J.: 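Before anything else, here's the structure in question.
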Amino acid sequence: MNKVIRGKAFVLGDNIDTDQIIPAKYLAYNPSDAAERKYFGMYAMDGVPKGQSGLPSGTIPFVRPNEYKSDFAIVIGGRNFGCGSSREHAPLAIAEAGASCVVAEFYARIFYRNSINGAYLVPFETGDRLCEQIKTGDELEIDATTGTLKNLTQKKSYQLKPLGDVTPIIAAGGVFAYAKQSGMMKA
């Protein structure tokens, strides 16, 4: 896990579900095949309704058409981020697009665990309603060690909740890497 994560914000609201993050029609791609895995990045956030990208026009796509990577490194969500199905393709899609973390008020627990267990994203939680304070395109910096999020564009800082017991799993690179590293599983 990077101790400092820096990049542009992509802002969403409440109840962003896994079908919005990666619509079911794209699940035919095989994430184990490198040639097909990139399509998860291309279609990340393809199901998010217009008006959900944190700008008045709501027309900023997470990934530009016909590209595989996003300009946005940090996703800001509201409440209940990643609700819906249990598919691990949702955090995978966000990561394949190039984002390394999501900051939300709280998560659907299965999305939270999939993010950590698969080493796709760091799911930071916040007690503040950041989706109403940060704007899409704002330049952000997160210090994972101190749990501080700085909005460099607006010159504001916020305290994130501690990652707690999941920190060693994230640092190891996922639950299987952690199990091997800690001797719970043979290498």
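These figures come from a predicted structure and were not determined experimentally. All values below come from the heavy atoms of this structure, side chains included, with hydrogens, waters and symmetry mates left out.
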J.: Would you say Ile5 and Phe124 make side-chain contact, with heavy atoms under 4.5 Å?
T.: yes

J.: In plain terms, say whether Arg129 and Asp14 are close enough for a salt bridge, that is, a side-chain N and a carboxylate O under 4.0 Å apart.
T.: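 Yes, this pair counts.
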
J.: How about Ser100 and Val122: do any of their side-chain heavy atoms sit closer than 4.5 Å?
T.: no

J.: Is there a side-chain contact between Val75 and Phe62 in this structure, where contact means two heavy atoms from C-beta onward sitting under 4.5 Å apart?
T.: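 When only atoms from C-beta onward are counted, Phe62 and Val75 do touch, with a gap below 4.5 Å.
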
J.: Of the non-hydrogen atoms in Glu96 and Lys69, which two are nearest, and what is the gap between them?
T.: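 It is O-NZ, 2.6 Å.
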
J.: Report yes if some heavy atom in the side chain of Leu12 is under 4.5 Å from a heavy atom in the side chain of Gln20; otherwise report no.
T.: no

J.: Compare all side-chain heavy atoms of Glu105 with those of Cys131 and state whether any distance is below 4.5 angstrom.
T.: yes

J.: Quick one: is the NZ or CZ of Arg109 closer than 6.0 Å to the six-membered ring centre of Tyr112, and within 45° of its axis?
T.: yes

J.: Rounded to the nearest 0.5 Å, how far apart are CG of Leu27 and CZ of Arg87?
T.: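 Spacing of CG (Leu27) from CZ (Arg87) equals 4.5 Å.
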
J.: With rounding to the nearest 0.5 Å, note down the distance linking CD1 in Ile76 to OG1 in Thr126.
T.: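 Reported to 0.5 Å precision, the distance equals 8.5 Å.
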
J.: Taking the six-membered ring for Trp, is the centroid-to-centroid distance between Phe111 and Phe81 below 6.0 Å?
T.: yes

J.: For the pair Glu36 (side chain) and Asn30 (backbone), establish whether a donor and an acceptor sit closer than 3.5 Å, ignoring hydrogens and angles.
T.: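 The answer is yes, because a donor-acceptor pair under 3.5 Å joins these two groups.
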
J.: Compare every heavy atom of Leu140 with every heavy atom of Ala9, then report the nearest pair and how far apart it is.
T.: CB-CD1, 3.5 Å

J.: Show the nearest heavy-atom pair for residues Ala119 and Gly174, with the distance to one decimal.
T.: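 So the two residues come closest at CB-N, 3.6 Å.
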
J.: Is Asp165 atom CG crowded by more than 12 heavy atoms from other residues, nucleotides or ligands, each under 6.0 Å away?
T.: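 Atom CG in Asp165 is not crowded, with 12 or fewer foreign heavy atoms closer than 6.0 Å.
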
J.: Taking atom CD1 of Ile110 and atom CG of Asn117, what is their separation to the nearest 0.5 Å?
T.: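 CG of Asn117 is found 8.0 Å from CD1 of Ile110.
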
J.: Would Asp143 and Lys150 count as a salt bridge (charged side-chain N to carboxylate O under 4.0 Å, His left out) if you check the C-alpha gap in whole Å, the side-chain angles of each, and the deciding distance to 0.1 Å?
T.: CA-CA 8 Å; Asp143 183 325; Lys150 293 180 185 175; over 6 Å; no

J.: Please check this pair: side chain of Asn114 against backbone of Ser86, looking for a donor-acceptor N/O pair closer than 3.5 Å.
T.: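 Indeed, once roles are kept as given, a pair shorter than 3.5 Å links the two residues.
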
J.: Identify the two heavy atoms, one from Ala90 and one from Thr18, that lie closest to each other, and give their separation to 0.1 Å.
T.: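 That closest heavy-atom pairing would be CB-CG2, 3.7 Å.
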
J.: Where the side chain of Asp128 meets the backbone of Leu130, is there a donor-acceptor pair that is under 3.5 Å apart?
T.: no

J.: Taking the side chain as every heavy atom from C-beta outward, state whether Ile16 and Ile21 have any atom pair closer than 4.5 Å.
T.: yes

J.: Glu125 and Phe106: which non-hydrogen atoms are nearest, and at how many Å?
T.: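 Distance-wise, the nearest heavy atoms are OE2-CA, 3.6 Å.
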
J.: What heavy-atom pair brings Leu121 and Ala99 nearest, and what distance separates the two atoms?
T.: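 Closest approach of Leu121 to Ala99: CD2-O, 3.5 Å.
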
J.: Set out, in order, the CA-CA distance, both residues' side-chain angles and the distance that settles side-chain contact (heavy atoms from CB on, under 4.5 Å) for Ile94 and Met45, then state yes or no.
T.: CA-CA 8 Å; Ile94 296 169; Met45 305 293 185; 3.8 Å; yes

J.: Mind checking whether Asp46 and Tyr26 have side chains closer than 4.5 Å, heavy atoms only?
T.: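 Yes. Closest side-chain heavy atoms under 4.5 Å.
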
J.: Using a 4.5 Å cut-off on heavy atoms from C-beta on, say whether the side chain of Lys135 contacts that of Thr153.
T.: no

J.: Could you measure the distance from the CG atom of Asn151 to the CD atom of Glu141? Nearest 0.5 Å is fine.
T.: 11.0 Å

